[in-house]
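Reckoned from all heavy atoms, side chains included, excluding hydrogens, waters and symmetry mates.
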Amino acid sequence: MIDRASLGFKCGNNNYDQLGKNSYKFVKYEDLVKGTKNTMEEISDFLEIEFNNTLLKPTFCGLDWPGNRFSGEPQQGVNSDGIGSWEQRITESEAVLLEFFFDDYMKEFNYSTKFNRRDSMKAASSYYKWLNFKSNRQGDHSLATKSKI
């Protein structure tokens, strides 16, 4: 998730920088699900297409689609039930680690952080250690005991 989301943000920011604000638009999930009509009207204006109420109903390849949820529960249409649900889906240690990796993007898109920087650094340190021990590409440090330095 960290790699995929990071790549998405970096590509999005690169596209915005390269193409400019008249050719690339970011849309926040919260804006889309809380103010669906207003957000879709803004997107229609941005794309220079006529707004139509069919834009308020989720579809996939032109077919009605109930949408997706992390919970797997069925839903009908767009709703804001998912806002803030991350706190029930992930652990606190996962959340603090995500804040470490995405704090710049969170600030850029006006999201508040929940944890302090010290806790984020501890989480990153633990994650780094975990990656080193889980990697099958661990360095061979046996020569360090024989070094004369």
Side-chain angles (χ1 to χ4, degrees), residues 1-140:
M1 185 269 170
I2 291 169
D3 288 340
R4 184 175 179 190
S6 180
L7 182 60
F9 278 119
K10 286 181 182 182
C11 288
N13 279 343
N14 184 61
N15 288 342
Y16 188 84
D17 291 343
Q18 295 294 315
L19 301 173
K21 67 180 183 179
N22 294 326
S23 297
Y24 199 86
K25 183 172 184 64
F26 286 99
V27 177
K28 288 174 67 172
Y29 168 78
E30 293 85 354
D31 295 339
L32 183 61
V33 298
K34 280 202 258 184
T36 306
K37 186 171 183 184
N38 288 339
T39 302
M40 292 308 295
E41 286 173 343
E42 286 178 23
I43 292 170
S44 296
D45 289 343
F46 178 79
L47 295 174
E48 298 177 353
I49 62 173
E50 184 178 335
F51 174 80
N52 186 299
N53 281 334
T54 58
L55 297 174
L56 303 176
K57 186 175 183 185
T59 60
F60 180 76
C61 296
L63 302 173
D64 287 347
W65 187 56
N68 62 342
R69 290 184 151 183
F70 284 103
S71 67
E73 296 173 17
Q75 72 180 39
Q76 292 299 318
V78 178
N79 64 60
S80 60
D81 293 351
I83 294 176
S85 65
W86 65 268
E87 293 189 59
Q88 287 76 46
R89 289 195 319 269
I90 65 175
T91 66
E92 185 172 295
S93 61
E94 291 168 328
V96 71
L97 181 62
L98 291 174
E99 279 192 12
F100 170 81
F101 280 100
F102 298 108
D103 64 337
D104 290 339
Y105 296 118
M106 291 175 74
K107 289 174 190 164
E108 182 179 344
F109 292 101
N110 298 316
Y111 289 101
S112 60
T113 55
K114 185 173 180 174
F115 306 99
N116 64 51
R117 190 68 177 159
R118 182 181 176 109
D119 290 340
S120 291
M121 291 301 298
K122 284 182 186 177
S125 177
S126 294
Y127 179 67
Y128 185 80
K129 183 177 178 180
W130 177 83
L131 280 176
N132 280 334
F133 285 106
K134 290 294 182 182
S135 173
N136 64 356
R137 304 278 189 252
Q138 291 183 39
D140 179 4

Side chain to side chain donor-acceptor pair (under 3.5 Å) partners of residues 37-56, not counting sequence neighbours, each pair once: N52-T54
Spatial distance of atom CE (M1) from atom OG (S6) [nearest 0.5 Å]: 10.0 Å
Exceeds 12 heavy-atom contacts within 6.0 angstrom, atom NZ of K34: no
From S125 atom OG to F100 atom CZ, the distance as rounded to the nearest 0.5 Å: 9.5 Å
From CG (L97) to CD1 (I2), nearest 0.5 Å: 4.5 Å
Shortest non-hydrogen contact between I83 and Y29, atoms and distance: CG1-CE2, 3.8 Å
Smallest separation among heavy atoms of V96 and A123, with atom names: CG1-CB, 3.5 Å
Atom pair NZ/CZ of K21 and F46 - distance to nearest 0.5 Å: 11.0 Å
OG1-CD distance between T113 and E99, expressed to the nearest 0.5 angstrom: 5.0 Å
Steps toward side-chain contact (heavy atoms from CB on, under 4.5 Å) verdict (E87, K114): CA-CA 11 Å; E87 293 189 59; K114 185 173 180 174; 2.7 Å; yes
Side chain to side chain, L98 and I90, heavy atoms closer than 4.5 Å: yes
Closest contact, heavy atoms only, V78 versus P58: CG2-CG, 3.8 Å
Exceeds 12 heavy-atom contacts within 6.0 angstrom, atom CG of D17: yes
Pi-cation contact, F115 with K122 (under 6.0 Å, within 45°): no
Plane angle bin for F9 and F102 - parallel if under 30°, tilted between 30 and 60°, otherwise perpendicular: tilted
Donor-acceptor contact below 3.5 Å, side chain K28 vs main chain F109: yes
Where A95 and W86 come nearest, the two heavy atoms and their spacing: CB-CZ3, 3.6 Å
Derivation and outcome, side-chain contact (heavy atoms from CB on, under 4.5 Å), residues R117 and D103: CA-CA 9 Å; R117 190 68 177 159; D103 64 337; 2.9 Å; yes
For Y24 against N15, the heavy-atom pair lying closest together: CE1-CB, 3.3 Å
Stepwise side-chain contact (heavy atoms from CB on, under 4.5 Å) test for N13 and F26: CA-CA 9 Å; N13 279 343; F26 286 99; 3.5 Å; yes
F101 and Y127: CA distance, side-chain angles, deciding distance, ring pair (Phe, Tyr, Trp, His ring centres under 6.0 Å) verdict: CA-CA 11 Å; F101 280 100; Y127 179 67; 5.8 Å; yes
